[in-house]
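Values below: all heavy atoms of this structure, side chains included; hydrogens, waters and symmetry mates excluded.
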Amino acid sequence: MVPALSPSRASDFKQCPLLYRFRTIDKLPSPPSPAAARGTLVHAVLERLFDLPADERTPAAAQALLGPQWTALVEEEPELAAMIADDSKLTEDGWFSDAQALIETWFTLEDPTRLEPAERELYVETDVDGLVLRGYVDRLDVAPDGAMRVVDYKTGRSPSELFEGKALFQMKFYALVLWRLRGEIPRLLQLVYLGNGEVVRYAPDEHDLLSLERNLKAVWTAIERAATTGDWRPKTSKLCDWCDFREFCPAWGGTPPPLPENAALIALNPAVSGQVAPADE
């Protein structure tokens with residue numbers, strides 16, 4: 001099997017090897033999150049909006065897409081509807097209003113009547129010296145001169161400098177894959193934060209992407225070592241405050257599940273280490 005990495009799995013391991021283990025080997029489920037579900041809905045609406053002719057891409061048209069897109073998501077994951085119904089702090093009307101507010105913020109940051117994305121939810125994959133890198137790009141804009149802009153929607157607030165690197169890691173990952181696929185480095189990486197209406201832009205260069213390529217190879221080597229030794233030790237940081245699995249983490253007084261006999265095979269399975277899904281990278 002040819003090894004593979006997605007930006008989310010690489011980021012998991014860089015953040016904490018035990019987190020990688022919990023998600024890939026133990027397959028511990030994360031509890032349904034209203035924020036994550038709202039993000040998935042907003043991504044779907046912004047993707048579908050570009051199916052309309054340019055002059056029809058209005059806030060009202062986006063609002064009209066909310067209901068049908070939510071219905072489609074619930075059909076795929078019925079637990080999403082139960083999540084709202086079971087949360088005493090949530091109402092469906094309020095939840096939709098929050099999603100609509102994020103979309104309205106987007107209209108203040110970008111004008112969809114003047115945009116014609118080259119790609120939306122673009123699956124990208126390339127082989128870098130025997131390591132497959134794969135992921136989904138929210139939006140790829142290509143200028144008449146061929147210059148590429150990689151755009152990613154974030155429904156939360158822009159992070160502090162302490163956490164900004166994690167978001168840029170994902171975008172540089174996409175830039176590296178596109179460079180290897182198309183022979184040209186994307187001109188601009190653009191993170192659109194709808195939670196507070198901020199746009200973060202970054203222009204990658206060859207040095208950036210070669211450094212990332214080396215880093216990803218090192219990450220894979222470290223994953224192979226952990227899989228071989230069974231040493232998935234935790235790495236504590238401020239990000240632990242948002243971890244779904246602290247109850248199982250030794251650093252927080254928890255006990256991980258027993259490691260299965262085929263743990264190494266699972267950890268290195270490209271379908272697991274390279275797992276990607278639209279709108280959740």
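Arg201 meets the side chain to side chain donor-acceptor pair (under 3.5 Å) test with Gln190; sequence neighbours excluded. Residues that satisfy the side-chain contact (heavy atoms from CB on, under 4.5 Å) test with Pro3, not counting sequence neighbours, are Leu131, Trp220. With sequence neighbours excluded, no residue forms a side-chain contact (heavy atoms from CB on, under 4.5 Å) with Ala218. Residues passing the side-chain contact (heavy atoms from CB on, under 4.5 Å) test with Ala222 are Phe13, Arg225, sequence neighbours excluded. Every residue two or more places apart in sequence or in another chain was checked for a side chain to side chain donor-acceptor pair (under 3.5 Å) with Asn262, and none qualifies.
Residues Val192 and Asp152 form no side-chain contact, since every pair of their non-hydrogen atoms from C-beta on lies 4.5 Å or further apart. Counting only heavy atoms from C-beta outward, the side chains of Trp106 and Thr155 never approach each other to under 4.5 Å.
Grouping the Ile, Leu, Val, Met, Phe, Trp and Tyr side chains by contacts below 4.5 angstrom, directly or via other members, places Tyr174 apart from Val132.
Using a cutoff of 4.0 Å between basic side-chain nitrogens and carboxylate oxygens, Asp129 and Arg180 are not scored as salt-bridged.
Applying the ring pair (Phe, Tyr, Trp, His ring centres under 6.0 Å) rule to pairs touching residues 184-213 yields nothing, sequence neighbours excluded.
Arg57 CZ to Leu65 CG: the interatomic distance, rounded to the nearest 0.5 Å, is 12.0 Å. To the nearest 0.5 angstrom, Tyr20 atom OH is 8.0 Å from Arg9 atom CZ.
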